2 protein chains.
Amino acid sequence: MQGDASMTTKNATIKDVAREAKVSVASVSRVLNGLGGVTPATQKIVREVAARLNYIPDNAARSLITGRTHTIGAVLPDLYGEFFSELIRGIDLAARARGLHLLVSSSHDGVEDAAVAVRAMRGRVDGMLILSEYVDAAFLEENLPEKLPAVLLDSPVKSARYPVLNIDNRDGAIAMVRHLVEAGHQHIAFISGPKTNFDAQQREKGYRAAMAKHAPAATLIVVDGDFTEDSGYRAGCELLSKKPRPQAVFAANDMMAIGCLYAFKEAGIDVPGDIALAGFDDILIARYVTPPLSTVQVRIADLGRIALERLAAMLNPADKTPASVETLGCDIVIRKSCGAKADAPAAPRKPRKSPRPLPT
Amino acid sequence: MQGDASMTTKNATIKDVAREAKVSVASVSRVLNGLGGVTPATQKIVREVAARLNYIPDNAARSLITGRTHTIGAVLPDLYGEFFSELIRGIDLAARARGLHLLVSSSHDGVEDAAVAVRAMRGRVDGMLILSEYVDAAFLEENLPEKLPAVLLDSPVKSARYPVLNIDNRDGAIAMVRHLVEAGHQHIAFISGPKTNFDAQQREKGYRAAMAKHAPAATLIVVDGDFTEDSGYRAGCELLSKKPRPQAVFAANDMMAIGCLYAFKEAGIDVPGDIALAGFDDILIARYVTPPLSTVQVRIADLGRIALERLAAMLNPADKTPASVETLGCDIVIRKSCGAKADAPAAPRKPRKSPRPLPT
DNA sequence: GGCGCAAACGTAAACGTTTTCATGGAAGCT
DNA sequence: AGCTTCCATGAAAACGTTTACGTTTGCGCC
């Protein structure tokens, strides 16, 4: 009982357990880590004492000596919205399945900011998942601790050292354009994303490539957007004023498509009757607008999961998989807005887990 | 130059810097931590050498000696959906503003699972934000390392030791019911959430209290739901079959309200013409369905921010603010679905940041 | 009973920092 | 010049683990 009394002030350490159990710290360590080489009787004692003292090993000390933290760091540009929610979920699930913890770091306003974020990870993580427009090969060489494994997400860099995992934006855009053409549309306008955005670039490339192939006669119409609903609205207004009004509009993301949709509604233009509409991302809202929005689905949680799995593989020193650029395909999901015979009801009500508006 | 060559194998430590700069490790530490008491000349040397060797302090070692990690742990039940996206965002923003890192841990299937998650934080974090249905006062006493500050979110526990930050679900529900009554509805049905969910309980209590006060003559109709869209749909169907059809339906969350909305649409019931509808949470989708959904808004990011700020205050040993149960108010946001004169356009297009469907 | 061997266990070094304390020297004062 | 004061610096302890290595113990075998 006096042991309990003396414990109220500080956390028990391995030494306390050793003393109380009348064994050495080494034995305590062995027992608690299941290394064997210790008598069942002693094991019992040690476990009992550890439980009684409520001993919890200190991870800092453990990390210091082993060089392992069982934590991976995720460097993300911003935690806003569905994309990151899904990404983190995918990462976290996969991490947790491997007993890894997740340290997130977000909102880097510039390359300098990103550098401190990455550097701050030293001694905190075993590997990193990086999604940032600011990092390139030189950046990593400069700021990443020696030999720290890292996987790059959605990045244009090609490195012999770090695997890259990209979304196949180009292919997804091509598939959607092809579908629109097959649905009878030739004059398909495109609402582009931010010029500096890698995804946006790829999507526009896909649009252009597909148009060249499937609708070579059509005049290309590209109006600028910046991924916001507002810019989509403005783009929609602009498109309505075009001489030959486009038959279809393909927006580089769903939010712009939705903005565009409201511009059309306001103008009394029927979608898909007067004009077809498609987006990109398949955000949750897409299926709830009227009409439901056809779009390109990116399996974001999968992206996170695969990235983490790749990283986890690198954590194993035996792993010799060469760094490569992998690509995760997209699926087009056809709803009412593009005018094709939709294969989904207006309100798909298949048992779908709620987006958990509030915790259970 | 030979220094560079010798560095290729291991990361530079403070000793390397000290040796190379011909000073002691103590001085290097002082310089790099800005403690003063060191000549500008020496500072210059040290900084130069540190930069040249690309020295990055090891956080594990630092934490071990200082007892500080500059990291806070967030224990969350699940990372699914908008709620957690927003919550994490709020936490992360506030944390980052204070130079704190964020370690997230999620998806605990049971009390045992939650216990290992919490215990795994020892030596990794300076404090914890906990949102879990499994933790109560006894749990904390058992699993939380001695003297580790923690803030509980959305929890029924009253502890003299740990501050609790709740959403004022009850008050929000009351406000919405009052609004519905003022809009002329008396017979207001309620779709409840999971019985074990704290938020759901509070919302139902609010509904009952407000009905008793503002519509004492009305017969209470409560049908079960579980926060999923699907359960909302079923509830909607059930409500339509009630003898005196309710004039309004108040769902314990938005997803159920939306499911309900589709049930009504399917049955040819006009919302809000034939029946009014309201939800809770103000998820992003709420404003995009037709008609836009009236709902109760919880400022989730604020919840995260405030929780972190409270926790940050506790990190300061001088802080003696007593642990208390705080409550974060909700605002009702009136759109078309409840039949009142909506004060917002169908598609509010005020410059609103895109939910960042894909990263910039 | 002595020998060897393996299993159980303990000792101590190591991990990379921060921080206390001692030391030396320069500067200021009388 | 002699004294004190103060400041820059270095040596070493400490943080709580893991683990390589050495020591003891128990046991079977000749």
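These numbers come from the heavy atoms of this one structure, side chains and all, not from hydrogens, waters or symmetry mates. On a predicted model such as this, the values are computed, not experimentally measured, just so you know. Lettering follows sequence order; numbering is per chain, from 1.
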*Using heavy atoms to find the nearest nucleotide of DNA chain D for Pro40(B) and Ile65(B) separately, return the residue whose nucleotide is more 5′.*
Pro40(B)
_Within the 4.0 Å heavy-atom criterion, would you say Ser29(A) contacts the bases, only the backbone, or no part of the nucleic acid?_
base
*Hey, does Ile56(A) reach any base, or is it just sugar-phosphate, or nothing, if we go heavy atoms under 4.0 Å?*
sugar-phosphate
*Separation of Asn11(A) atom CG from dG16(D) atom C1', in whole Å?*
12 Å
*asked:* Between C1' on dT17(C) and CZ on Arg68(B), what's the gap in Å once rounded to a whole number?
replied: 17 Å
_Under 3.5 Å, is there any donor-acceptor pair linking the side chain of Arg122(B) to the base of dG16(D)?_
no
*Between Arg30(B) and Tyr55(B), who's closer to the 5' end of DNA chain C by nearest nucleotide?*
Tyr55(B)
*Is there a side chain to side chain contact (heavy atoms under 4.5 Å, CB included) between Val125(A) and Leu148(A) once you walk through the steps?*
CA-CA 9 Å; Val125(A) 301; Leu148(A) 189 64; 4.1 Å; yes
*asked:* Would you say that Leu131(B) contacts Phe83(B) through its side chain, given a criterion of any heavy-atom pair below 4.5 Å between the two side chains?
replied: yes
*Across the strands shown, which category fits Asn59(A) at heavy-atom distances under 4.0 angstrom: base, sugar-phosphate, nothing?*
nothing
*Could you verify whether a donor N or O on one side chain and an acceptor N or O on the other, from Arg119(B) and Asn54(A), lie under 3.5 Å apart?*
yes
_Are the side chains of Val135(B) and Ser155(B) in contact, using a 4.5 Å heavy-atom criterion?_
no
_Separation of atom CG in Leu64(A) from atom C1' in dT18(C), rounded to whole Å_ = 13 Å
*Within the pair Arg62(B) and dG16(C), is there a side-chain N or O less than 4.0 Å away from OP1 or OP2?*
no
*Take the protein atom CG of Leu35(B) and the nucleotide atom P of dA8(D), then report the distance between them rounded to whole Å.*
13 Å
*Nearest whole angstrom, please: distance from the P of dA8(D) to the CD1 of Ile45(B).*
16 Å
*With respect to the side chain of Thr42(B), which nucleotide from dT11(C), dT9(D), dT17(C) is positioned closest?*
dT9(D)
*Give a yes/no on whether any side-chain N or O of Thr13(A) is located under 4.0 angstrom from OP1 or OP2 of dG16(D).*
no
*asked:* Applying a 4.0 Å non-hydrogen cut-off, can you work out what Ser63(B) is touching in the nucleic acid: base, sugar-phosphate, or nothing?
replied: nothing
_What's the closest nucleotide to the side chain of Asp58(B) if the choices are dG16(C), dT17(D), dT18(D)?_
dG16(C)
*Any ion pair linking Arg89(B) and Asp92(B) (charged N to carboxylate O, less than 4.0 Å)?*
no
*Between dG16(D) (P) and Arg124(B) (CZ): distance, integer Å*: 17 Å
*asked:* Tell me the interatomic distance from Gln43(A), atom CD, to dC9(C), atom C1', rounded to whole angstroms.
replied: 13 Å
*asked:* I need the minimum non-hydrogen distance between Val157(A) and Val325(A), along with the two atoms involved.
replied: O-CG2, 4.4 Å
*asked:* Of the options dA8(C), dT18(D), dT9(D), whose atoms approach the side-chain atoms of Thr39(B) most closely?
replied: dT9(D)
*Rounded distance in Å - CG (Leu32(B)) to C1' (dT18(C))*: 12 Å
*For Ser27(A), report the nucleic acid contact type (base, sugar-phosphate, nothing); a contact means any heavy atom under 4.0 Å.*
sugar-phosphate
*Counting heavy atoms from C-beta on, name the nucleotide in dC9(C), dT18(C), dA12(C) closest to the side chain of Ile14(B).*
dT18(C)
